[in-house]
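Counting starts at 1 for both ligands and their atoms, in listed order.
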Amino acid sequence: MEFGITDEQQAIQETARKFARDKIAPGYQAREGTGVIEPELIREMGALGLVAGDLPEEFGGFGLDGVSAGLIMEEIAYADLNVAYVQLLASLMGQIVVTHARPEVAQAWAPKMVAGEKIVALGLTEPRGGSDAAHLQLKAERTGNAEFVLNGEKTSMSLSDQADAAVIFARTSGEDDGARGVSAFLVPLDGPGITQSRFSDLGSEAVGRGSVFFDSVRVPAENMLGDEGQGFRQVMQGFDYSRALIGLQCLGAARASLDETWPYITERHAFGAPLAQFQGVSFPLAEAETDYKAARLICFETLWRRDAGLPHTSEAAMAKWLAPKKSVDIIHQCLLTHGHSGYSRDLPHQQRLRDVIGLEIGDGTAQIMKLIVAREKVGRAAVQYG
Ligand SMILES: Cc1cc2nc3c(=O)[nH]c(=O)nc-3n(C[C@H](O)[C@H](O)[C@H](O)COP(=O)(O)OP(=O)(O)OC[C@H]3O[C@@H](n4cnc5c(N)ncnc54)[C@H](O)[C@@H]3O)c2cc1C
(Lines give C-alpha, C1' and ligand atoms only; values in the text may rest on other atoms or scores of the structure.)
Protein backbone atom coordinates (compact mmCIF):
# COMPACT_ATOMS: atom_id res chain seq x y z
CA MET A 1 0.00 0.00 0.00
CA GLU A 2 1.41 3.36 -1.09
CA PHE A 3 0.27 6.61 0.53
CA GLY A 4 2.83 8.92 -1.08
CA ILE A 5 2.33 11.16 -4.09
CA THR A 6 4.49 11.28 -7.21
CA ASP A 7 6.88 14.12 -8.08
CA GLU A 8 4.41 15.32 -10.74
CA GLN A 9 1.54 15.33 -8.25
CA GLN A 10 3.68 17.21 -5.75
CA ALA A 11 4.63 19.79 -8.38
CA ILE A 12 1.01 20.60 -9.27
CA GLN A 13 0.11 20.65 -5.55
CA GLU A 14 2.85 23.23 -4.92
CA THR A 15 1.74 25.34 -7.91
CA ALA A 16 -1.85 25.29 -6.65
CA ARG A 17 -0.79 26.08 -3.07
CA LYS A 18 1.33 29.07 -4.05
CA PHE A 19 -1.30 30.54 -6.37
CA ALA A 20 -4.14 29.91 -3.92
CA ARG A 21 -2.40 31.46 -0.93
CA ASP A 22 -0.98 34.45 -2.85
CA LYS A 23 -3.87 35.28 -5.19
CA ILE A 24 -7.08 33.66 -3.95
CA ALA A 25 -6.98 33.66 -0.14
CA PRO A 26 -6.72 37.45 0.35
CA GLY A 27 -10.10 37.98 -1.37
CA TYR A 28 -12.08 35.22 0.36
CA GLN A 29 -14.14 37.42 2.66
CA ALA A 30 -14.43 40.31 0.17
CA ARG A 31 -15.98 38.00 -2.46
CA GLU A 32 -18.89 37.39 -0.13
CA GLY A 33 -19.71 41.08 -0.54
CA THR A 34 -19.22 41.34 -4.30
CA GLY A 35 -21.08 38.08 -5.00
CA VAL A 36 -18.84 37.11 -7.91
CA ILE A 37 -15.60 35.28 -8.63
CA GLU A 38 -13.36 37.55 -10.70
CA PRO A 39 -13.19 36.29 -14.32
CA GLU A 40 -9.50 37.29 -14.60
CA LEU A 41 -8.68 35.17 -11.53
CA ILE A 42 -10.34 32.17 -13.18
CA ARG A 43 -8.35 32.73 -16.38
CA GLU A 44 -5.10 32.89 -14.37
CA MET A 45 -6.03 29.60 -12.72
CA GLY A 46 -6.78 28.14 -16.14
CA ALA A 47 -3.37 29.13 -17.49
CA LEU A 48 -1.73 27.19 -14.64
CA GLY A 49 -3.83 24.04 -15.21
CA LEU A 50 -5.85 24.58 -12.04
CA VAL A 51 -9.34 24.75 -13.56
CA ALA A 52 -9.82 21.50 -15.46
CA GLY A 53 -6.25 20.27 -15.82
CA ASP A 54 -7.65 16.73 -15.71
CA LEU A 55 -9.07 17.03 -19.24
CA PRO A 56 -7.12 15.29 -22.01
CA GLU A 57 -4.45 17.22 -23.89
CA GLU A 58 -6.41 17.09 -27.18
CA PHE A 59 -8.99 19.32 -25.47
CA GLY A 60 -6.41 21.75 -24.11
CA GLY A 61 -6.11 19.96 -20.77
CA PHE A 62 -3.01 18.75 -18.98
CA GLY A 63 -4.16 15.12 -18.72
CA LEU A 64 -3.85 15.17 -14.92
CA ASP A 65 -5.11 12.19 -12.95
CA GLY A 66 -7.95 12.34 -10.43
CA VAL A 67 -5.59 12.37 -7.44
CA SER A 68 -3.91 15.50 -8.85
CA ALA A 69 -7.33 17.13 -9.31
CA GLY A 70 -8.03 16.30 -5.66
CA LEU A 71 -4.75 17.86 -4.53
CA ILE A 72 -5.56 21.04 -6.48
CA MET A 73 -9.07 21.08 -5.02
CA GLU A 74 -7.73 20.99 -1.45
CA GLU A 75 -5.39 23.91 -2.09
CA ILE A 76 -7.96 26.12 -3.80
CA ALA A 77 -10.62 25.41 -1.17
CA TYR A 78 -8.12 26.06 1.64
CA ALA A 79 -7.92 29.60 0.27
CA ASP A 80 -11.57 30.00 -0.79
CA LEU A 81 -14.10 27.18 -0.91
CA ASN A 82 -16.19 29.20 -3.35
CA VAL A 83 -13.49 29.66 -5.97
CA ALA A 84 -13.09 25.88 -5.80
CA TYR A 85 -16.63 25.53 -7.23
CA VAL A 86 -15.14 26.70 -10.53
CA GLN A 87 -12.68 23.81 -10.55
CA LEU A 88 -15.34 21.38 -9.37
CA LEU A 89 -17.79 22.28 -12.10
CA ALA A 90 -15.09 22.49 -14.77
CA SER A 91 -13.79 19.01 -13.89
CA LEU A 92 -17.27 17.45 -13.72
CA MET A 93 -18.79 19.25 -16.71
CA GLY A 94 -15.54 19.04 -18.67
CA GLN A 95 -15.40 15.25 -18.29
CA ILE A 96 -19.06 15.03 -19.36
CA VAL A 97 -18.49 17.25 -22.40
CA VAL A 98 -15.37 15.46 -23.65
CA THR A 99 -16.91 12.03 -23.06
CA HIS A 100 -20.46 12.57 -24.33
CA ALA A 101 -20.61 15.66 -26.58
CA ARG A 102 -20.42 15.47 -30.37
CA PRO A 103 -16.74 16.05 -31.32
CA GLU A 104 -17.29 19.54 -32.76
CA VAL A 105 -19.25 20.65 -29.68
CA ALA A 106 -16.58 19.23 -27.37
CA GLN A 107 -13.86 21.07 -29.32
CA ALA A 108 -15.82 24.32 -29.17
CA TRP A 109 -16.27 24.23 -25.40
CA ALA A 110 -13.74 22.06 -23.57
CA PRO A 111 -10.53 24.05 -24.34
CA LYS A 112 -12.25 27.26 -23.19
CA MET A 113 -13.37 25.55 -19.98
CA VAL A 114 -9.78 24.45 -19.30
CA ALA A 115 -8.53 27.99 -19.98
CA GLY A 116 -11.03 29.43 -17.49
CA GLU A 117 -12.70 31.41 -20.28
CA LYS A 118 -16.05 29.63 -20.16
CA ILE A 119 -18.01 28.29 -17.19
CA VAL A 120 -20.49 25.44 -17.66
CA ALA A 121 -23.02 24.95 -14.84
CA LEU A 122 -25.09 21.91 -13.90
CA GLY A 123 -28.88 22.01 -14.33
CA LEU A 124 -30.37 18.93 -12.73
CA THR A 125 -32.47 20.04 -9.74
CA GLU A 126 -36.04 21.25 -10.32
CA PRO A 127 -38.52 22.93 -7.99
CA ARG A 128 -40.33 19.64 -7.30
CA GLY A 129 -37.15 18.12 -5.82
CA GLY A 130 -33.50 17.27 -6.27
CA SER A 131 -33.07 13.91 -4.53
CA ASP A 132 -35.56 12.16 -6.80
CA ALA A 133 -33.81 13.65 -9.82
CA ALA A 134 -34.83 10.97 -12.31
CA HIS A 135 -38.47 12.18 -12.28
CA LEU A 136 -37.55 15.62 -13.58
CA GLN A 137 -40.11 17.50 -15.65
CA LEU A 138 -38.33 20.09 -17.82
CA LYS A 139 -39.40 19.17 -21.36
CA ALA A 140 -37.31 18.97 -24.50
CA GLU A 141 -39.44 18.44 -27.62
CA ARG A 142 -37.89 17.63 -30.97
CA THR A 143 -38.92 19.94 -33.79
CA GLY A 144 -37.84 18.29 -37.03
CA ASN A 145 -34.42 16.66 -36.78
CA ALA A 146 -32.27 19.67 -36.23
CA GLU A 147 -33.34 21.05 -32.86
CA PHE A 148 -35.16 20.66 -29.56
CA VAL A 149 -37.32 23.21 -27.75
CA LEU A 150 -36.92 23.41 -23.95
CA ASN A 151 -39.67 24.48 -21.56
CA GLY A 152 -39.52 24.39 -17.76
CA GLU A 153 -37.41 25.46 -14.79
CA LYS A 154 -34.12 24.41 -13.25
CA THR A 155 -33.39 25.59 -9.76
CA SER A 156 -30.58 25.70 -7.22
CA MET A 157 -27.98 25.94 -9.98
CA SER A 158 -24.52 26.95 -8.71
CA LEU A 159 -22.79 29.77 -10.60
CA SER A 160 -25.94 30.09 -12.71
CA ASP A 161 -25.57 33.79 -13.48
CA GLN A 162 -21.78 33.59 -13.92
CA ALA A 163 -21.92 30.60 -16.28
CA ASP A 164 -21.85 30.75 -20.05
CA ALA A 165 -23.74 27.48 -20.53
CA ALA A 166 -25.20 24.62 -18.54
CA VAL A 167 -25.64 20.90 -18.93
CA ILE A 168 -29.43 20.67 -18.73
CA PHE A 169 -31.18 17.40 -18.02
CA ALA A 170 -34.55 17.32 -19.78
CA ARG A 171 -37.34 14.85 -20.46
CA THR A 172 -37.40 13.90 -24.13
CA SER A 173 -39.85 11.01 -23.73
CA GLY A 174 -43.00 13.12 -23.26
CA GLU A 175 -44.28 11.14 -20.28
CA ASP A 176 -42.65 10.68 -16.86
CA ASP A 177 -40.93 7.33 -17.29
CA GLY A 178 -38.13 8.08 -14.83
CA ALA A 179 -34.48 7.98 -15.87
CA ARG A 180 -35.28 6.21 -19.16
CA GLY A 181 -36.72 9.30 -20.83
CA VAL A 182 -34.10 11.84 -19.73
CA SER A 183 -31.56 13.35 -22.11
CA ALA A 184 -28.78 15.86 -21.43
CA PHE A 185 -28.04 18.99 -23.47
CA LEU A 186 -25.30 21.59 -23.46
CA VAL A 187 -27.29 24.85 -23.49
CA PRO A 188 -25.76 28.35 -23.79
CA LEU A 189 -27.40 30.53 -21.14
CA ASP A 190 -27.47 33.79 -23.12
CA GLY A 191 -30.06 32.74 -25.73
CA PRO A 192 -33.63 33.99 -26.22
CA GLY A 193 -36.23 32.58 -23.83
CA ILE A 194 -33.85 32.19 -20.86
CA THR A 195 -34.34 34.23 -17.69
CA GLN A 196 -32.75 33.86 -14.26
CA SER A 197 -33.23 34.76 -10.62
CA ARG A 198 -30.59 34.55 -7.88
CA PHE A 199 -31.19 33.23 -4.35
CA SER A 200 -30.12 34.86 -1.10
CA ASP A 201 -28.18 32.08 0.65
CA LEU A 202 -26.69 31.36 4.06
CA GLY A 203 -23.24 31.17 2.49
CA SER A 204 -21.31 30.85 -0.78
CA GLU A 205 -22.63 34.19 -2.02
CA ALA A 206 -19.67 34.47 -4.39
CA VAL A 207 -20.91 31.34 -6.15
CA GLY A 208 -24.54 32.37 -6.24
CA ARG A 209 -27.29 29.82 -6.71
CA GLY A 210 -30.29 30.56 -8.82
CA SER A 211 -33.24 29.43 -10.86
CA VAL A 212 -33.11 29.37 -14.63
CA PHE A 213 -36.37 29.52 -16.60
CA PHE A 214 -36.67 28.10 -20.11
CA ASP A 215 -39.46 29.50 -22.27
CA SER A 216 -39.40 27.84 -25.71
CA VAL A 217 -35.58 27.79 -25.81
CA ARG A 218 -34.27 26.33 -29.08
CA VAL A 219 -31.25 24.03 -28.76
CA PRO A 220 -29.49 22.39 -31.75
CA ALA A 221 -29.86 18.59 -31.69
CA GLU A 222 -26.07 18.33 -31.96
CA ASN A 223 -25.85 19.79 -28.43
CA MET A 224 -27.32 16.59 -26.98
CA LEU A 225 -24.80 14.82 -24.72
CA GLY A 226 -24.85 11.05 -25.03
CA ASP A 227 -27.81 9.27 -26.59
CA GLU A 228 -31.45 10.33 -26.52
CA GLY A 229 -33.17 8.96 -23.42
CA GLN A 230 -29.84 7.76 -21.99
CA GLY A 231 -28.55 11.08 -20.67
CA PHE A 232 -29.35 10.40 -17.07
CA ARG A 233 -27.63 7.02 -16.88
CA GLN A 234 -24.62 7.99 -19.02
CA VAL A 235 -23.92 11.40 -17.62
CA MET A 236 -24.63 10.65 -13.95
CA GLN A 237 -21.65 8.29 -13.90
CA GLY A 238 -19.41 11.36 -13.74
CA PHE A 239 -20.85 12.22 -10.36
CA ASP A 240 -18.76 9.61 -8.54
CA TYR A 241 -15.80 11.80 -9.45
CA SER A 242 -17.31 15.08 -8.28
CA ARG A 243 -18.34 13.54 -4.96
CA ALA A 244 -14.73 12.84 -4.00
CA LEU A 245 -13.71 16.32 -5.14
CA ILE A 246 -16.50 17.91 -3.06
CA GLY A 247 -15.26 15.97 -0.03
CA LEU A 248 -11.79 17.44 -0.49
CA GLN A 249 -13.26 20.89 -1.15
CA CYS A 250 -14.92 20.83 2.28
CA LEU A 251 -11.86 19.35 3.96
CA GLY A 252 -9.67 22.07 2.42
CA ALA A 253 -11.73 24.68 4.27
CA ALA A 254 -11.59 22.59 7.47
CA ARG A 255 -7.80 22.32 7.16
CA ALA A 256 -7.50 26.10 6.95
CA SER A 257 -9.51 26.52 10.17
CA LEU A 258 -7.43 23.86 11.94
CA ASP A 259 -4.16 25.45 10.81
CA GLU A 260 -5.32 28.75 12.27
CA THR A 261 -6.57 27.22 15.53
CA TRP A 262 -3.54 25.17 16.68
CA PRO A 263 -1.25 28.25 16.95
CA TYR A 264 -4.09 30.20 18.59
CA ILE A 265 -4.29 27.77 21.52
CA THR A 266 -0.58 28.16 22.19
CA GLU A 267 -0.79 31.99 22.12
CA ARG A 268 -4.03 32.58 24.02
CA HIS A 269 -3.89 32.24 27.80
CA ALA A 270 -6.53 31.56 30.44
CA PHE A 271 -6.14 30.75 34.14
CA GLY A 272 -2.42 31.47 33.91
CA ALA A 273 -1.64 28.95 31.17
CA PRO A 274 -1.82 28.65 27.38
CA LEU A 275 -5.15 27.14 26.24
CA ALA A 276 -3.16 24.22 24.80
CA GLN A 277 -2.51 22.98 28.35
CA PHE A 278 -6.22 22.33 28.89
CA GLN A 279 -7.18 18.98 27.47
CA GLY A 280 -10.74 20.25 27.19
CA VAL A 281 -9.31 22.50 24.45
CA SER A 282 -6.69 20.22 22.83
CA PHE A 283 -8.67 16.95 22.77
CA PRO A 284 -11.50 18.24 20.54
CA LEU A 285 -8.82 19.45 18.12
CA ALA A 286 -7.04 16.07 18.29
CA GLU A 287 -10.39 14.41 17.49
CA ALA A 288 -10.88 16.89 14.64
CA GLU A 289 -7.46 15.95 13.20
CA THR A 290 -8.44 12.27 13.35
CA ASP A 291 -11.79 12.87 11.62
CA TYR A 292 -10.06 15.04 9.03
CA LYS A 293 -7.56 12.32 8.21
CA ALA A 294 -10.18 9.55 8.02
CA ALA A 295 -12.46 11.52 5.70
CA ARG A 296 -9.54 12.65 3.53
CA LEU A 297 -8.33 9.07 3.10
CA ILE A 298 -11.76 7.99 1.80
CA CYS A 299 -11.75 10.87 -0.70
CA PHE A 300 -8.29 10.04 -2.01
CA GLU A 301 -9.00 6.30 -2.09
CA THR A 302 -12.03 7.12 -4.27
CA LEU A 303 -9.86 9.13 -6.67
CA TRP A 304 -7.11 6.51 -6.64
CA ARG A 305 -9.67 3.79 -7.47
CA ARG A 306 -11.05 5.93 -10.29
CA ASP A 307 -7.55 6.46 -11.70
CA ALA A 308 -6.90 2.70 -11.46
CA GLY A 309 -10.16 1.91 -13.27
CA LEU A 310 -11.64 0.22 -10.18
CA PRO A 311 -15.28 0.55 -9.01
CA HIS A 312 -15.67 3.52 -6.68
CA THR A 313 -19.37 4.39 -6.46
CA SER A 314 -19.65 3.30 -2.84
CA GLU A 315 -16.48 5.12 -1.75
CA ALA A 316 -17.60 8.28 -3.59
CA ALA A 317 -20.92 8.27 -1.74
CA MET A 318 -19.13 7.69 1.59
CA ALA A 319 -16.80 10.60 0.83
CA LYS A 320 -19.70 12.91 -0.09
CA TRP A 321 -21.56 12.48 3.18
CA LEU A 322 -18.67 12.01 5.61
CA ALA A 323 -16.31 14.78 4.49
CA PRO A 324 -18.84 17.67 4.46
CA LYS A 325 -20.27 16.50 7.81
CA LYS A 326 -16.85 16.26 9.46
CA SER A 327 -15.78 19.57 7.93
CA VAL A 328 -18.82 21.31 9.41
CA ASP A 329 -18.02 19.79 12.82
CA ILE A 330 -14.33 20.68 12.59
CA ILE A 331 -14.88 24.30 11.55
CA HIS A 332 -17.55 24.69 14.22
CA GLN A 333 -15.06 23.44 16.83
CA CYS A 334 -12.40 25.86 15.57
CA LEU A 335 -14.90 28.73 15.77
CA LEU A 336 -15.77 27.83 19.38
CA THR A 337 -12.10 27.50 20.31
CA HIS A 338 -11.61 31.14 19.27
CA GLY A 339 -14.20 32.22 21.83
CA HIS A 340 -16.06 35.47 21.15
CA SER A 341 -13.74 36.45 18.32
CA GLY A 342 -14.60 33.20 16.50
CA TYR A 343 -18.20 34.42 16.28
CA SER A 344 -17.09 37.69 14.67
CA ARG A 345 -17.10 38.33 10.93
CA ASP A 346 -13.50 39.52 11.35
CA LEU A 347 -12.39 35.87 11.39
CA PRO A 348 -13.18 33.49 8.52
CA HIS A 349 -14.47 30.48 10.51
CA GLN A 350 -18.10 31.66 10.48
CA GLN A 351 -17.97 32.15 6.70
CA ARG A 352 -16.33 28.75 6.13
CA LEU A 353 -18.99 27.15 8.31
CA ARG A 354 -21.82 28.78 6.35
CA ASP A 355 -20.15 27.87 3.05
CA VAL A 356 -19.48 24.22 3.92
CA ILE A 357 -23.04 23.58 5.13
CA GLY A 358 -24.20 24.14 1.53
CA LEU A 359 -22.19 21.13 0.39
CA GLU A 360 -23.92 18.89 2.90
CA ILE A 361 -26.88 19.35 0.52
CA GLY A 362 -25.44 20.23 -2.89
CA ASP A 363 -24.74 17.26 -5.20
CA GLY A 364 -26.88 15.01 -2.98
CA THR A 365 -27.67 14.90 0.71
CA ALA A 366 -26.24 12.54 3.34
CA GLN A 367 -29.39 10.39 3.18
CA ILE A 368 -29.10 9.93 -0.57
CA MET A 369 -25.39 9.05 -0.23
CA LYS A 370 -26.20 6.45 2.43
CA LEU A 371 -28.88 5.06 0.12
CA ILE A 372 -26.19 4.62 -2.55
CA VAL A 373 -23.84 2.86 -0.11
CA ALA A 374 -26.67 0.50 0.91
CA ARG A 375 -27.66 -0.08 -2.74
CA GLU A 376 -24.07 -0.99 -3.60
CA LYS A 377 -24.20 -3.58 -0.80
CA VAL A 378 -27.60 -5.21 -1.33
CA GLY A 379 -28.81 -3.88 -4.67
CA ARG A 380 -32.33 -2.64 -5.35
CA ALA A 381 -33.60 -4.20 -2.11
CA ALA A 382 -32.21 -1.06 -0.42
CA VAL A 383 -34.16 1.36 -2.61
CA GLN A 384 -37.81 2.33 -2.34
CA TYR A 385 -39.39 3.65 -5.52
CA GLY A 386 -42.64 5.62 -5.39
C1 LIG B 1 -24.91 24.82 -2.11
C2 LIG B 1 -25.75 24.06 -3.10
C3 LIG B 1 -25.33 23.95 -4.40
C4 LIG B 1 -26.12 23.27 -5.34
N5 LIG B 1 -25.72 23.24 -6.65
C6 LIG B 1 -26.52 22.63 -7.56
C7 LIG B 1 -26.18 22.68 -8.95
O8 LIG B 1 -25.17 23.28 -9.35
N9 LIG B 1 -27.00 22.09 -9.83
C10 LIG B 1 -28.13 21.43 -9.45
O11 LIG B 1 -28.82 20.88 -10.31
N12 LIG B 1 -28.47 21.36 -8.13
C13 LIG B 1 -27.71 21.95 -7.19
N14 LIG B 1 -28.06 21.94 -5.87
C15 LIG B 1 -29.30 21.26 -5.48
C16 LIG B 1 -29.03 19.97 -4.72
O17 LIG B 1 -28.45 18.99 -5.55
C18 LIG B 1 -30.37 19.52 -4.11
O19 LIG B 1 -30.74 20.51 -3.17
C20 LIG B 1 -30.28 18.18 -3.44
O21 LIG B 1 -30.12 17.16 -4.39
C22 LIG B 1 -31.51 17.87 -2.58
O23 LIG B 1 -32.69 18.14 -3.28
P24 LIG B 1 -33.82 19.05 -2.61
O25 LIG B 1 -33.17 20.26 -2.08
O26 LIG B 1 -34.92 19.23 -3.59
O27 LIG B 1 -34.35 18.21 -1.38
P28 LIG B 1 -35.44 17.04 -1.40
O29 LIG B 1 -35.11 16.09 -2.50
O30 LIG B 1 -36.77 17.65 -1.40
O31 LIG B 1 -35.15 16.36 0.00
C32 LIG B 1 -35.51 17.02 1.22
C33 LIG B 1 -34.96 16.21 2.38
O34 LIG B 1 -35.50 14.88 2.35
C35 LIG B 1 -34.46 13.92 2.33
N36 LIG B 1 -34.83 12.79 1.47
C37 LIG B 1 -35.34 12.83 0.21
N38 LIG B 1 -35.54 11.58 -0.24
C39 LIG B 1 -35.16 10.73 0.74
C40 LIG B 1 -35.10 9.31 0.88
N41 LIG B 1 -35.48 8.51 -0.10
N42 LIG B 1 -34.63 8.81 2.04
C43 LIG B 1 -34.22 9.61 3.05
N44 LIG B 1 -34.22 10.95 2.97
C45 LIG B 1 -34.68 11.51 1.83
C46 LIG B 1 -33.24 14.65 1.76
O47 LIG B 1 -32.05 14.03 2.17
C48 LIG B 1 -33.43 16.04 2.34
O49 LIG B 1 -32.91 16.11 3.63
C50 LIG B 1 -27.31 22.63 -4.93
C51 LIG B 1 -27.72 22.74 -3.59
C52 LIG B 1 -26.97 23.45 -2.70
C53 LIG B 1 -27.46 23.60 -1.28
Side-chain angles (χ1 to χ4, degrees), residues 32 35 37 77 80-94 96 119-138 152-170 178 182 184-187 189 196-214 225 231-232 235-236 238-239 242-243 245-247 249-250 253 317 320-321 323-325 327-328 351-375 380-386:
E32 176 155 58
I37 300 165
D80 184 334
L81 176 131
N82 299 314
V83 173
Y85 270 78
V86 172
Q87 186 209 347
L88 174 73
L89 276 167
S91 283
L92 173 61
M93 298 298 127
I96 288 171
I119 293 177
V120 177
L122 163 67
L124 179 60
T125 304
E126 296 189 355
R128 63 171 290 282
S131 304
D132 185 12
H135 288 283
L136 58 86
Q137 292 173 341
L138 187 139
E153 178 183 345
K154 290 293 174 186
T155 195
S156 192
M157 205 193 280
S158 296
L159 286 166
S160 56
D161 60 9
Q162 297 178 69
D164 301 278
V167 172
I168 299 294
F169 289 84
V182 173
F185 298 87
L186 183 63
V187 183
L189 290 177
Q196 297 206 18
S197 68
R198 192 188 249 236
F199 300 169
S200 171
D201 276 342
L202 176 69
S204 287
E205 284 291 349
V207 176
R209 277 187 318 137
S211 291
V212 182
F213 306 91
F214 297 82
L225 304 171
F232 197 78
V235 174
M236 290 296 278
F239 285 65
S242 62
R243 287 178 179 147
L245 294 179
I246 288 173
Q249 186 180 3
C250 295
K320 173 60 187 62
W321 83 259
K325 167 85 182 118
S327 300
V328 165
Q351 187 182 346
R352 289 194 193 115
L353 185 59
R354 290 183 285 108
D355 290 351
V356 167
I357 286 172
L359 288 173
E360 289 194 282
I361 304 166
D363 199 74
T365 63
Q367 288 93 332
I368 298 307
M369 294 306 121
K370 291 173 193 175
L371 217 60
I372 293 170
V373 174
R375 192 188 61 201
R380 293 170 70 87
V383 185
Q384 269 188 323
Y385 293 104

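A 4.5 Å side-chain heavy-atom check between Asp355 and Gln249 finds every atom pair outside the cut-off. Looking at Arg380 and Arg375, their side chains never come closer than 4.5 Å, going by heavy atoms from C-beta outward.
In summary, the atoms of ligand 1 found under 4.0 Å from a heavy atom of Gly130, numbered by their order in the structure, are 21 (O), 23 (O), 24 (P), 26 (O), 29 (O). Those atoms of ligand 1 with a heavy atom of Leu124 less than 4.0 angstrom away are 11 (O). Interface atoms of ligand 1 facing Gly358, defined by a heavy-atom separation under 4.0 Å, are 1 (C), 2 (C), 52 (C), 53 (C). Close approach of ligand 1 to Gly129 is summarised as follows: ligand atoms under 4.0 Å from at least one heavy atom of the residue are 26 (O). Proximity to Asp363 (heavy-atom distance under 4.0 Å) selects the following atoms of ligand 1: 17 (O).
Contacts of Lys154 with ligand 1, taken as heavy-atom pairs under 4.0 Å, are absent altogether. When non-hydrogen atoms are compared, ligand 1 lies under 4.0 Å from the side chain of Tyr85 (C-beta onward) but not from its backbone.
Relative to atom 14 (N) of ligand 1, the option among Ser156, Gly210, Ser204, Gly208 with the closest non-hydrogen atom is Ser156. Relative to atom 20 (C) of ligand 1, the option among Val356, Ile361, Ile357 with the closest non-hydrogen atom is Ile361. For the residues Ala366, Ser131, Pro127, Ala133, the heavy atom positioned nearest atom 36 (N) of ligand 1 is part of Ser131. When the heavy atoms of Leu92, Thr125, Leu202, Ile368 are ranked by distance to atom 18 (C) of ligand 1, first place goes to Thr125. Taking each of Ala166, Ala163, Ser158 in turn, the one with a heavy atom nearest to atom 3 (C) of ligand 1 proves to be Ser158.
Expressed to the nearest 0.5 Å, how far CD1 of Ile37 lies from OH of Tyr85 amounts to 9.5 Å. Between atom CG of residue Asp161 and atom CD of residue Gln196 there is a gap of 5.5 Å, rounded to the nearest 0.5 Å. With rounding to the nearest 0.5 angstrom, the CE atom of Met157 is 9.0 Å from the OG1 atom of Thr125.
Where the criterion is an N or O separation shorter than 3.5 Å, residue side chain and backbone included, Leu122 meets it with respect to ligand 1. For the pair Thr365 and ligand 1, the shortest N or O to N or O distance falls below 3.5 Å. Ligand 1 has an N or O atom lying under 3.5 Å from an N or O atom of Gln367, backbone or side chain. On a distance-only criterion, Asp132 and ligand 1 share no N/O pair closer than 3.5 Å.
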Can you give the donor-acceptor pairs under 3.5 Å from side chains of residues 362-369 to other protein atoms, not counting sequence neighbours?
residue	atom	partner	partner atom	Å
Asp363	OD2	Arg243	NE	3.4
Thr365	OG1	Ile368	N	3.4

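Closest heavy-atom contact between Val167 and Met93: CG2-SD, 3.5 Å.
In terms of the side-chain hydrogen bond (donor to acceptor under 3.5 Å, both in side chains) criterion, Ser242 has no residue partners (sequence neighbours excluded).
No donor-acceptor distance shorter than 3.5 angstrom exists from the side chain of Glu153 to the backbone of Pro127, with no hydrogens or angles considered. In this structure a side-chain-to-backbone donor-acceptor pair under 3.5 Å is present from Arg128 to His135.
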